[in-house]
4 protein chains.
Amino acid sequence: MAVSSSSPRDSTPREPRTERGRRTLRKLLDAAAAEFGERGFHDASISDITRRAGIALGSFYTYFDSKNAIFKALVSDLSAQVRSRSANSVARVTGALAVEEAALAGFLAFSREQKEIYRIIDEAEFVDPASYREHYESTAARILQRLRAGMETGELRAGLDEDHAWAIMGMNVFLGLRYAIWDDEAPIEKIARTANGILRDGIACSHGPDQRQPQ
Amino acid sequence: MAVSSSSPRDSTPREPRTERGRRTLRKLLDAAAAEFGERGFHDASISDITRRAGIALGSFYTYFDSKNAIFKALVSDLSAQVRSRSANSVARVTGALAVEEAALAGFLAFSREQKEIYRIIDEAEFVDPASYREHYESTAARILQRLRAGMETGELRAGLDEDHAWAIMGMNVFLGLRYAIWDDEAPIEKIARTANGILRDGIACSHGPDQRQPQ
Amino acid sequence: MAVSSSSPRDSTPREPRTERGRRTLRKLLDAAAAEFGERGFHDASISDITRRAGIALGSFYTYFDSKNAIFKALVSDLSAQVRSRSANSVARVTGALAVEEAALAGFLAFSREQKEIYRIIDEAEFVDPASYREHYESTAARILQRLRAGMETGELRAGLDEDHAWAIMGMNVFLGLRYAIWDDEAPIEKIARTANGILRDGIACSHGPDQRQPQ
Amino acid sequence: MAVSSSSPRDSTPREPRTERGRRTLRKLLDAAAAEFGERGFHDASISDITRRAGIALGSFYTYFDSKNAIFKALVSDLSAQVRSRSANSVARVTGALAVEEAALAGFLAFSREQKEIYRIIDEAEFVDPASYREHYESTAARILQRLRAGMETGELRAGLDEDHAWAIMGMNVFLGLRYAIWDDEAPIEKIARTANGILRDGIACSHGPDQRQPQ
DNA sequence: AATGAATGAGAATTCATTCAT
DNA sequence: GATGAATGAATTCTCATTCAT
């Protein structure tokens, strides 16, 4: 998996000066993505990573200060990828609900392609909680932006706020876990439409008895 | 936190034969819950656990074959607690939507009380994926049961299936992360009502333009 | 394998007083023979032995002071068995060379039946060197006795001494390793006759050139 | 004792890439030979070995995967030494019987010099049986070659085969145990001549009664 | 005598990080 | 910059032996 490079060091994010250095950095990040994805943070060792990258163990520390540092850099990279991919999925779609459906469909497709990403970002909860939180907060913020846009156009009902954004994100993530990571057979469109059905109509029966409880 | 014991060993679940043994096993599970919750699986060491439990390091291996084994036993215990607590929250509530609202409120309250549990179960994704999967699959199955009951009474619209259960579970879990683990100030009832609003009505504006996109 | 009991303790060899105790002791020795034979001294654990014997771990120390003590008792038992068996093989045979042949044949047959014994006695070289030495010195002494008897009758040439006894014992032991422990297909009689041929005639060609080197 | 290095790892025998690495490997093998020889496999610890070698504990694993792996490498080294030494003893000697006498004398002399070697190879029976077997099978094969050469020149009688080789090896080994390891006072030449006497003439009295038993 | 839990010293092994070349 | 050897703290796991019941 190719990973676009970003700040390599934890404390002193300095880009390599030479072309050769840039290539080595790239190899390291790709190898780390593969190892962390396959074996998890704790079972992946730095020597696994350098071996896979085809460089000497000692060279690792030319680029990163620690195992945590490369993990952090990786999460930030992957998070950016998710973001950009998500923007793409949604770019040419109009209509607030259609946008949400496209966002979910794009997310599911991306997750199926890059199953490791999901795992790596989730493991950040335990390895680097700040990255984890940052990822989900910014994702929720983007959803909330879309909800606000929909409220402005009148497509979405008034009063939607951060809670709704988190609820929607949770739906998406768990559907991703279930239908992209664990089972990638089910048709993405069907899943996305089902979820969108909840957003459009809820799950109550419109012709049934009044749902409100007296209590 | 007191934890009810279940099969302690991974392969050969043998219960202690004496009362003293049962007490020691209990101390171990409680200590493990505390350590794993506070420090995470990898940073918690077996000697931390036995020290906290007040027993000798070697005694650990009278009850469990490995750190993984006690973790697994613990997850299964905690999962059972979540299940039973969830059943309680819902027990005396009538009405399909009200039941979902109560379930979420109960879950949020429980998560606030026992923040470690959340962390431990989530870490199972990386430590013992089978336990993790088992937990969420059985949780989804319970939600689906409730949806089916609601469809039978006509309270919920026809056609709800496993996808909907996972979507609802995702909503709940992420709201739990956001409003029980990270921020425990917001009033639970408000969160639960908001989420329930999605289930009842969706997020679309009922008086707005037709939501269906031509595309 | 049934093992006749002898002094159980290292320091205070005291026989059990009750019949029940005698039976437990026997079970322990038999289990130890099996475990030490199969897994070797270091890989066999006391709990393996007591588990195989069907008694509680703690009861072991009613009969033996340590793992070394039971090993020592065992070697002395087995050594006695070899001795008695060897005496049997030779009992009704007359003629000095025939006696040696019978002794080897008996040893090979016994080794095939009780392969563990060989292993246990040999491991004594590393676990309890005194027992090992004692076993082979007393075996050599018995061979030397036989040689002396043969010299007295004039069947064997004069001048045979301890060296010869050790040489013969070495032949026997290694033929046992090769043709009883590692390969138990070859006919015992053939092996024994071959070895006896060396004792009778040597390996030189009686009609060949003079073997003595000028040097 | 200096030990010539051979394949260090059990599975992935990779030679050190630098001169410094080669020196460390040598130090490890020498230290292991000394420790295993003095204390035996089980009582020698890896930290004993590295301490004696003057390197850090962790460095051991740069060269060997386990205690068993270094033991195995060592046995194969020592076995090669025995072989080469044995070839030397015999190199300039002519006459089939004289060759056997020289081989035994050389073996006894070597065993007295390097008592640990004997112990280490013998312990392989319990630590790494394949190495043990390999050592004695190849030794027997070399003896058999010599016997065949002697049969071709007519110095040795026809019909000698593998059995005879094992018998001779057994004689040699046990004389080594008795007169090199346990007692190193007796003159080597006397022992070797005694054993050679058996090979030349057997032990029967050539002028005595017919040795063949009617039975 | 028997039981089985408890003990804790000891050992092997891992691996992030440092360092000399 | 790159290389690969060196380091040593940390951790898991074993098991002979002791002890309370």
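Predicted model only: the values in this text are computed from it and were never measured. Reminder, nothing fancy here: chain letters follow the sequence lines and each chain counts from 1.
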Colleague: Please tell me if D/Ser66 has a side-chain N or O lying less than 4.0 Å from either OP1 or OP2 of E/dA12.
Modeller: no
Colleague: Which residue lies toward the 5' end of DNA chain F, B/His42 or C/Leu57, if each is placed at its nearest nucleotide?
Modeller: B/His42
Colleague: Minimum heavy-atom separation for D/Ala44 to D/Lys67, with atom names?
Modeller: O-NZ, 2.8 Å
Colleague: Counting only Watson-Crick or G-U wobble pairs whose two distances fall under 3.5 Å, which nucleotide matches F/dA10?
Modeller: E/dT13
Colleague: Between B/Asp48 and B/Arg51, does any NZ, NE, NH1 or NH2 come within less than 4.0 Å of an OD or OE carboxylate oxygen?
Modeller: yes
Colleague: Mind checking whether A/Ile55 and A/Thr24 have side chains closer than 4.5 Å, heavy atoms only?
Modeller: yes
Colleague: Could you state the atom-to-atom distance from NZ of A/Lys67 to C1' of E/dC15 in whole Å?
Modeller: 8 Å
Colleague: What I'd like to find out is whether the side chain of C/Glu125 reaches to under 4.5 Å of the side chain of D/Glu125, using heavy atoms alone.
Modeller: no
Colleague: Testing the basics here: between B/Leu29 and B/Ala73, what is the closest heavy-atom pair and its distance to 0.1 Å?
Modeller: CD2-CB, 4.4 Å
Colleague: Please compare D/Ala44 and C/Gly21 by the position of their nearest nucleotide in DNA chain E and report the one closer to 5'.
Modeller: C/Gly21
Colleague: Starting from P on F/dA5, measure out to NZ on D/Lys27 and report it in whole angstrom.
Modeller: 14 Å
Colleague: Could you tell me how far apart D/Tyr63 (OH) and F/dT7 (P) are, to the nearest whole angstrom?
Modeller: 9 Å
Colleague: Does B/Arg119 pair with B/Glu116 as a salt bridge, N-O distance under 4.0 Å?
Modeller: no
Colleague: Nearest whole Å is fine: how far is F/dA5 P from A/Tyr61 OH?
Modeller: 17 Å
Colleague: Which nucleotide wins on minimum distance to the side chain of C/Thr62, given the candidates F/dG4, E/dA16, E/dA2?
Modeller: E/dA2
Colleague: A side-chain contact here means heavy atoms from C-beta on lying under 4.5 Å apart; do D/Asn68 and D/Phe41 qualify?
Modeller: yes
Colleague: Using atom CZ of B/Arg17 as one end and atom C1' of F/dT21 as the other, report the distance to the nearest whole Å.
Modeller: 17 Å
Colleague: Using a 4.0 Å cut-off on heavy atoms, which residues in residues 46-56 of chain D reach DNA chain F? List them by number, or say none.
Modeller: D/Ile55, D/Ala56
Colleague: Rounded to the nearest Å, what distance is computed from the CD atom of residue D/Glu19 to the C1' atom of nucleotide F/dG4?
Modeller: 14 Å
Colleague: Which base sits across from E/dT21 as a Watson-Crick or G-U pair, both distances under 3.5 Å?
Modeller: F/dA2
Colleague: Just the rounded figure in Å: distance from C1' of E/dA20 to CZ of D/Arg23.
Modeller: 12 Å
Colleague: Between P on F/dA5 and CZ on D/Phe64, what's the gap in Å once rounded to a whole number?
Modeller: 13 Å
Colleague: Is any side-chain nitrogen or oxygen of D/Thr18 closer than 4.0 Å to OP1 or OP2 of E/dT21?
Modeller: no
Colleague: Please compare B/Phe60 and D/Ser59 by the position of their nearest nucleotide in DNA chain F and report the one closer to 5'.
Modeller: D/Ser59
